[in-house]
Every structure is written in structure tokens, then in C-alpha cells.
Enquirer: 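For reference, the structure I am asking about is given below.
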Number of protein chains: 2
Amino acid sequence: MGSRVTIRDVAAVAEVSPATVSRVLNADERVAPELRERVLAAVERLGYRPNSQARSLRTQATRVIGLIISDIQNPFFTSLVRGVEDAAQASGYSVVLANSDEDLGKEQQYLRVAAAEQMAGVILSPASSSRTRIGELVHEEIPVVTIDRRIAADVDSVAVDNVAGARQAVEHLLQTGARRVGVIAGPEDVSTAADRLEGYRAALRAAGLAVDPELIVRGDFRIDGGHRAAARLLDRPDRPDALFAANNLMLIGTLDAMAERGLTAPADLLLAGFDEMSWAGFAPPLTLVEQPTYEIGRLATQMLLRRIAGGTAAAEHVVLEATLKVRASSDLVRRAV
Amino acid sequence: MGSRVTIRDVAAVAEVSPATVSRVLNADERVAPELRERVLAAVERLGYRPNSQARSLRTQATRVIGLIISDIQNPFFTSLVRGVEDAAQASGYSVVLANSDEDLGKEQQYLRVAAAEQMAGVILSPASSSRTRIGELVHEEIPVVTIDRRIAADVDSVAVDNVAGARQAVEHLLQTGARRVGVIAGPEDVSTAADRLEGYRAALRAAGLAVDPELIVRGDFRIDGGHRAAARLLDRPDRPDALFAANNLMLIGTLDAMAERGLTAPADLLLAGFDEMSWAGFAPPLTLVEQPTYEIGRLATQMLLRRIAGGTAAAEHVVLEATLKVRASSDLVRRAV
DNA sequence: CTGAAAGCGCTAACAT
DNA sequence: ATGTTAGCGCTTTCAG
């Protein structure tokens, strides 16, 4: 098993030394055009493919970056993946993907794999802001960039302004007439969840409204959790007149819970969510805080590549803008038309 | 950058030879308990981690399997991933995931990466049954198992009986009273698409009905394509009284197109699809042909591991059962309740 | 500009 | 049972 034809075989056929073959393959300028020709021809003829293990062993550097995302089932992340892949590929890196499934144990295991495989760098959407451990990578001096979420450690990050995004959404609900806005918040130890909840609170405060803890219910950023959380809010005697779901999957769960109860937006209550959801096109047009997912992936990759290249500046935190897109689910006027 | 502490360092601290350290690490029995202790202690103390590149280079074998799926955005595949990961992990292999996005070029590139990285094996959901090329892997003697779809080449595969599944669904629609069943079929060069279309035809024939080519429209297994295809069928003067969507995402597109036209199932037409869709819970309960996705992944991995271990029997084709789950979208009786 | 030689970290013959 | 040695395939000094 394995790459039977080696650099020596190529060298033999081209009648040069292995060193020369290596130089040609690595775009080393100082090699006579004629030899280069011969080498290239031999490579072609033999179907030679460099053995990346050997190369990595020798150069002490792989050209693989690990991308560990917290929920592969969430389209938000899958869109991000493309940004990462494109940017990585443009620089000759390949990407390996892993799914931690919001599970700290799995996450730990993949981080260990990344360390063992000596990956060039890791882009991570951490399962927990306080309990994710990147010690193994730090130990191996493998740079890390977190995306979407931040962690306590001192590493680069790329994310949107979740506080502002959520605040915009809730302010919009209030302006449209809502008085009692319920929020389906995310897990306590995920930074985006905390930030979006903070934005919710800020909007209420700015409007001079009290924050009613009864209207804050936590989900798990998944459909089921969103469903349960929404159900609790919807079954209250004093039902909220608007709901803000802190991510896309929980918004699905919310729609689900509403459907069960024969409720629709905006007729029965106003509805807003976070993250793009074009894949649920058959749902009512939804008011959403949208993120530049592709861009997040692209930027994170560029930052990572800079670190890999040796950048040693202090940790950088890129914050992009999230934009509110008002649609029918929260728009009484548009609905009236 | 890199694992600074090597097997030599451990050997030095434990006062043994590198070979002994290697033996301990590889669970070689014949090493004195006392030395084993010393080695383990040294490993612990130094925080030693084996360099997998060096090991692979030496043993000419990696413990990584590549999983190339054709659409990471499709939950059908993401569920499969777990089956693969669990089975692989149980045997000490790690999985790297890649998304070909139904794009032959990307697929080719990932197959090349798998070959270059000397992966132990590859599980592939091919983008095309006729144009996917696994030559590079064959050349490196890297075993391949296809999942969900088959290819022309002589390789192991795991899939469900798509013909029977589709046939069941369409027969059910006919039994429920449909006379004109439209089908949103998949891409021409994907085996599942061909099989499901074949099942559709078989059901019509069995019922003594003619196959009307006007009622067969091809999509691309994606939401948009399903939407367009469904729109064409729905806008016909003689609108079908039932629709069968050949996969989950196209069923979403179909629901979307129906919603635009104010149509609902089963009131305006009967509806059935393929693949699980619990993530779209807020949609009407959908009649679906469901697949044992986790099991597909698990079995494919076991077959692959057997090949990796040196199995050289003829290509094996495992066919699992797909089961029809009748729900409200096609059930006039249940709806009447 | 090219080649010879050393060595990345590990394991597997081969010796002892 | 343990150590010595060679070498996986590649790149990179160092000579020439």
C-alpha cells in the first residue's frame, strides 16, 4: 500500500539527483531549464505524487488546517465551511472538518487529533466559552482562531456583534408594537448565547421596559430545545406578544411549537430570529438577524494563515456586523398589504 | 512548531532504548513490567505524544479514513457521518470529512488529497455514477466504499433499496386515490435518482397506469431545483393530484412552491418524499421513505475496515431496506379525523 | 547550478 | 527480553 513511485525513481528516470527533483517540485528558481524539463517529464510519465507525510516529517510543517465546528447539522456552520475552504485552498492548504456536536468530549478528542496530526492550525467554534480546553494545541504551538464564539483563552476570534444584532431585532419588535417579548436564549456557557441575551436586555432597558425573568427561557441551540423553550413561553397564561429566538434551529423549534398551537406570525405574535434560514423557504418569511457567514470563515482563515506564517502579535478579535432583515413574521404593515 | 519531545527523549529519561519505548507504546507484550513502568512514567512526565507522520511514514499506513460526502448541507448525510465516526473510532481510526458539494471538480480534488495523504481508506458518496473517478485511490491501493450511491467501478457499496422504497411511496399515493402522480426526480447521473425514478415507473406500471413523461421533472437534489421542478408541475393546466419528491431537500422546495400557490397537502394534492426530515418539524407531517442512515454509515465503515485489513474478496453490495412512513401529507383519512 | 549526505521521528529486522 | 541499526520519502545544508 502506498505511493510506490518516489522521488528517487523520478530522479533516476530524469537522470538527475533527488535533490534536483525536489527543487523543481518546490519551485526553486535556480535549476537549469533543461533539467527542469526532464524532471517534469519524468514526473508526468511515472505519475509521481509527493508523499505528504515524508514532506511534513522533514519540513516539520503540514499544510492542513483543522476546522472543528459545533454542529454540522446547522446550516450556519456549513456555510462558514465554504469560506474557510476557499481561503485555505487559495493558499495551498487543505481543510479537514470535524463535528463536535456541542459535546465537550468530542471536541477534546478532535483537538487532540489536531495536535497529534501536527496540523498547521485550527479553526474552532468552541462548545463552551469556559470549559473548552485548547491546551494541547498551545503546547504544540499550533495556532487557533475561534469563530462565531469566543473562549476565555487569549486567542484570535472572528464573530459578529451579537449584542448589537440581538438588540436591533428586539428593538424592532418593540417598535412594531410588542410589549412582552419572550426570548428563547442559548446555552449558558456559549458566548453568542450570552451576547444575544445581553442585546435583548439592552433593548428592553433602552425602551424603559423591565426585564421579566419569566420571559427568558434557555434552549440548547437545537430544534428540540427551541421547541420546548417556546412551548413554555406560549403556554403561559399571559402569553408574550413577540418571540425572539437566539438562533436558527431554535427558531425552527419555535415555529413548530407555534404550529402545534395553531398560532401564526405576525397575526398571533411577532417573531424574529438569528442566522440565515433560506433553507426553510416554505416557512413564513422570517425576520432575521443575518450574519456574513462566508466572510467569517474567510477572515478566520486568513488570520490563521497569518499566525501560521509566524505572526506573534497579541490576540485579535474581529467583529463583523450582523444585519436585521425585517420580513413578514414581524411586520404588521406588510402583512396588512 | 511541532512535537518537541521525541521517542528518544522518552528513552533517555526511562533509561531504555527507543525501540523499547516503541514496543511499550504499541502494546508489544514482550517487555519487562519494570521497564514498561519506567517508560510510561517518562511518557507521562514529558507529555510525550507520538508523531503520527513519522509513524505513518515508517509503517506505510495511516489510521485515518476519508469521508467525502456530496452535500454537507443535507441532514441525510450528516446523520450518516455519525455512524461512520462511531464505527471508525471504535477501531482506533479517525475520520476526516470533506464536502464535494455535488461538484465533480471538488470531489476529484478531495480524492487526490486522500491519495496524497495516504489515507487508510475512503468512504464516498459519489457526485456522479458515471463520471466520478477513483483512479488515484485505486492506484495507491486505497480501498473505497461508496455510500448511498453506486458508481460504475467495481467497489463495495452500502445503500438502501431505492427502487423498492420509491415504489412503495408511489403505490401508497395511488392507493390513497391519486391518478396523476408527478415526480420531482434527481440528477440523471446519480444512481439513487435513477433508482427512485425506476421505482416510480414500476409503481405506475403495476397499477396499470401509463407513465406520462410530462409528469417527470428533474431537479438537482437541492431546495432550489426542487422548487423549480415542483413549480413546473404545479403550474400545468392539468395539475397532478399527487407529488413524489425524490429527496428531502427537493421536498422542501416543493413545499415552498406549494406555499407560494396557496396549496396544501393533502387537501390540494397528496405528497410524499424520501429521506428523514425531522428537522423540518414545523412543516405538515410528511409521508416519507426513511433510511437507516446511521446504520449505513456504520456498515460502510466496517466494510472499509475489513478491506483495509486486507480483505480481497469481490466487491460487495449491501442493500438495506427503506421504509415508508405514512403521515398526514398523503393521508386523507387521518386528515379527516 | 547540481549532487552527496544527513536526518526529520518512528518501527522492524536483526543481533545479542 | 532488550538494544543496535537501517531506512520509510522527503528536503536542505554543504561541497563542489
Side-chain angles (χ1 to χ4, degrees), chain A residues 1-40 42-43 46-64 92 115-120 140-141, chain B residues 1-40 42-43 46-64 92 115-120 140-141:
Chain A
M1 201 177 317
S3 187
R4 224 149 302 327
V5 26
T6 76
I7 207 168
R8 302 184 78 91
D9 301 324
V10 175
V13 169
E15 294 178 305
V16 296
S17 74
T20 299
V21 176
S22 174
R23 290 191 185 104
V24 172
L25 263 35
N26 292 287
D28 189 324
E29 295 305 323
R30 43 181 199 172
V31 54
E34 192 204 319
L35 293 195
R36 155 170 280 112
E37 283 305 309
R38 294 218 306 263
V39 168
L40 260 22
V43 164
L46 299 176
Y48 168 76
R49 302 225 146 266
N51 179 323
S52 55
Q53 330 248 29
R55 172 179 284 168
S56 299
L57 182 59
R58 178 62 233 239
T59 61
Q60 302 287 63
T62 61
R63 293 181 78 78
V64 175
E117 299 281 338
Q118 305 280 76
M119 289 181 186
E140 302 283 342
E141 294 175 37
Chain B
M1 203 177 315
S3 186
R4 223 151 305 326
V5 27
T6 78
I7 207 168
R8 303 184 80 91
D9 301 324
V10 175
V13 168
E15 295 180 302
V16 296
S17 74
T20 299
V21 177
S22 175
R23 288 188 186 105
V24 171
L25 263 35
N26 292 287
D28 190 324
E29 295 304 322
R30 45 188 193 165
V31 53
E34 192 204 318
L35 293 195
R36 155 170 281 112
E37 284 305 309
R38 295 216 308 260
V39 169
L40 260 22
V43 164
L46 299 176
Y48 169 75
R49 302 227 146 264
N51 178 322
S52 55
Q53 330 249 28
R55 172 179 284 168
S56 299
L57 181 59
R58 178 63 233 238
T59 62
Q60 302 288 64
T62 61
R63 292 182 80 78
V64 175
E117 299 281 339
Q118 305 280 78
M119 289 180 185
E140 304 282 344
E141 293 174 37

Enquirer: Please give, in whole Å, the distance from C:dT11 C1' to B:Arg63 CZ?
Expert: 15 Å
Enquirer: So does A:Asn26 get a side-chain nitrogen or oxygen closer than 4.0 Å to the phosphate oxygens (OP1/OP2) of D:dT11?
Expert: yes
Enquirer: Output yes when at least one side-chain N/O atom of B:Arg30 is less than 4.0 Å from OP1 or OP2 of D:dA1, else no.
Expert: no
Enquirer: Could you pick out which residue, B:Ala54 or B:Arg8, lies toward the 5' side of DNA chain D when each is mapped onto its nearest nucleotide?
Expert: B:Arg8
Enquirer: Are any of A:Gln60's side-chain N or O atoms less than 4.0 Å away from OP1 or OP2 of C:dG9?
Expert: yes
Enquirer: Round to a whole Å and report the spacing from CG of B:Asp28 to C1' of C:dA13.
Expert: 13 Å
Enquirer: Hey, what do you get for CG (A:Leu25) to CG (A:Leu40), rounding to the nearest 0.5 Å?
Expert: 7.5 Å
Enquirer: According to a strict under-4.0 Å criterion, is B:Thr20 in side-chain N/O contact with OP1 or OP2 of D:dG3?
Expert: yes
Enquirer: Please figure out whether B:Leu57 or B:Arg23 has its closest DNA chain D nucleotide nearer the 5' end.
Expert: B:Arg23
Enquirer: Quick one: does B:Asn51's side chain get under 4.5 Å of B:Thr6's, heavy atoms only?
Expert: no
Enquirer: Do the side chains of B:Val43 and B:Val24 get nearer than 4.5 Å, heavy atoms only?
Expert: no
Enquirer: It should be established whether B:Ser22 places a side-chain nitrogen or oxygen under 4.0 Å from OP1 or OP2 of nucleotide C:dT11.
Expert: yes
